[in-house]
Undergrad: 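Right, I'll just put the structure down here and ask away after.
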Amino acid sequence: MPRARVYPDAVYDTSYSLFRLSPLYGFGLISLPTHGRELTKLVRQSLTSAAAAVIAEENTGKELDHVKATKDDVSGVVDFVVSFDGGKKVYHALLLPPTTNAEVLGGSRKRRRDYTTRETATAFDHFPLLLLRVPAVVTAVFTHYLTTRFDARCTALRIPSGALQTTFLNPYLSNATEFTGPLQLTYLLPSVGCKRFTISVPGGDLASIREHAADMSSTAIPVLQKHLECATGMSLDKDGVEIVKVACATFVVSGEGKIKVFGKNREGVDVGWVMERIVGAAMNGVEP
């Protein structure tokens, strides 16, 4: 696969909630210090005693220090850093720019907006993916600020079972080697009261699955499913059986819209492709 964009360290090794974000009208990267000051004021106003007590469990300080906005010149990612007085932990709200990776965008059947026109470029800044790792009360402040201040729409990014497989699982399996770590798949069985169960696949089996799929001129997903059915004695192609979480040495992603990408990958794999596929999902929407 093409080499992915190099993302800043803040993107990795942290669990984030995923949100789709429409273009921001009048955002203006030159105004980032102003946005930081406005958010600092809004977050302070939102921190009631109850909210501050929750935050204090993870910080030695209870008072908000500041919200500082910066832009990474290499990736174009905007990072809003939320810190508290005396606190050892900082929180991040990340705005990720569009991807131009043709492999990520080429498969979409949805109409994609052209963000290169002069009118769009002068009036809007487009960051299709918002990553949030902040306290709940601060999440509400950020999403409200972005939608009302810049006339945008912000919605949680859910990833259905089919998209988990095509967007993340299949590319991962397609590059599996004998050194690839184990894979964990969490399934949902609505027919038995929405019961969930997790199946672990040893890393060595993944390379064999990839090779078998190549011999059959097939994608790795059907081969993996057959392998799991033989191993568990269960039929995983019945109506209602869904994959709701994929976990491996490179990333953990759930259908509820949570992701964690490991920057220091033990397998030495370029992990930027995971973020690019999430950005692509935010740009194009995801399909079941």
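Just so you know, these numbers come straight off a predicted model, no measurement behind them. Computation of the quantities below employed the complete heavy-atom set of this structure, encompassing side-chain atoms and omitting hydrogens, waters and symmetry-equivalent molecules.
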Undergrad: Check the pair F262, D13 against side chain to side chain contact (heavy atoms under 4.5 Å, CB included), reporting the backbone distance first and the verdict last.
TA: CA-CA 5 Å; F262 301 101; D13 301 312; 4.0 Å; yes

Undergrad: Within a 6.0 Å radius of atom NZ on K68, are there more than 12 heavy atoms belonging to other residues, nucleotides or ligands?
TA: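 Open.
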
Undergrad: Any side-chain heavy-atom pair from L183 and L173 closer than 4.5 angstrom?
TA: yes

Undergrad: Only pairs under 3.5 Å count here: list side-chain donor-acceptor contacts from residues 197-207, not counting sequence neighbours, and write none if there are none.
TA:
unit_1 : atom_1 : unit_2 : atom_2 : d
T198   : OG1    : T186   : OG1    : 3.0
S200   : OG     : Q184   : NE2    : 3.3

Undergrad: Verify the neighbour count for atom NE2 of H227: are there more than 12 heavy atoms of other residues, nucleotides or ligands below 6.0 Å?
TA: yes

Undergrad: Taking only residues two or more places apart in sequence or in another chain, which ones pass salt bridge (Lys or Arg N to Asp or Glu O under 4.0 Å) with E38?
TA: R149

Undergrad: Just jot down the side chain to side chain contact (heavy atoms under 4.5 Å, CB included) partners of A156, sequence neighbours excluded, or say none.
TA: F19, R158

Undergrad: Mind checking what makes side chain to side chain donor-acceptor pair (under 3.5 Å) contact with S75, not counting sequence neighbours?
TA: D72

Undergrad: Sequence neighbours left out, what passes side chain to side chain donor-acceptor pair (under 3.5 Å) with K258? Give chain and number order.
TA: S17

Undergrad: If only atom types and distance count, is the side chain of S22 paired as donor or acceptor with the main-chain N or O of R153 below 3.5 Å?
TA: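 Here the side-chain-to-backbone pair exists.
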
Undergrad: Report the C-alpha distance between E256 and R196 in whole Å, list the side-chain angles of each, state the deciding distance to 0.1 Å, and finish with yes or no for salt bridge (Lys or Arg N to Asp or Glu O under 4.0 Å).
TA: CA-CA 14 Å; E256 291 85 358; R196 297 189 179 200; 2.7 Å; yes

Undergrad: Mind running side chain to side chain donor-acceptor pair (under 3.5 Å) on R37 and T34 for me, showing each step along the way?
TA: CA-CA 5 Å; R37 288 192 295 269; T34 300; 3.3 Å; yes

Undergrad: Applying ring-ring contact (aromatic ring centres under 6.0 Å, His included), name anything that partners F27, two or more places apart in sequence or on another chain.
TA: H35, F127, F150

Undergrad: Report yes or no: does D151 contribute a side-chain atom to a donor-acceptor pair with the main-chain N or O of T147 at less than 3.5 Å?
TA: no

Undergrad: Check for me whether the distance between the ring centres of F142 and F80 falls short of 6.0 Å.
TA: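 Yes, the ring centres sit under 6.0 Å apart.
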
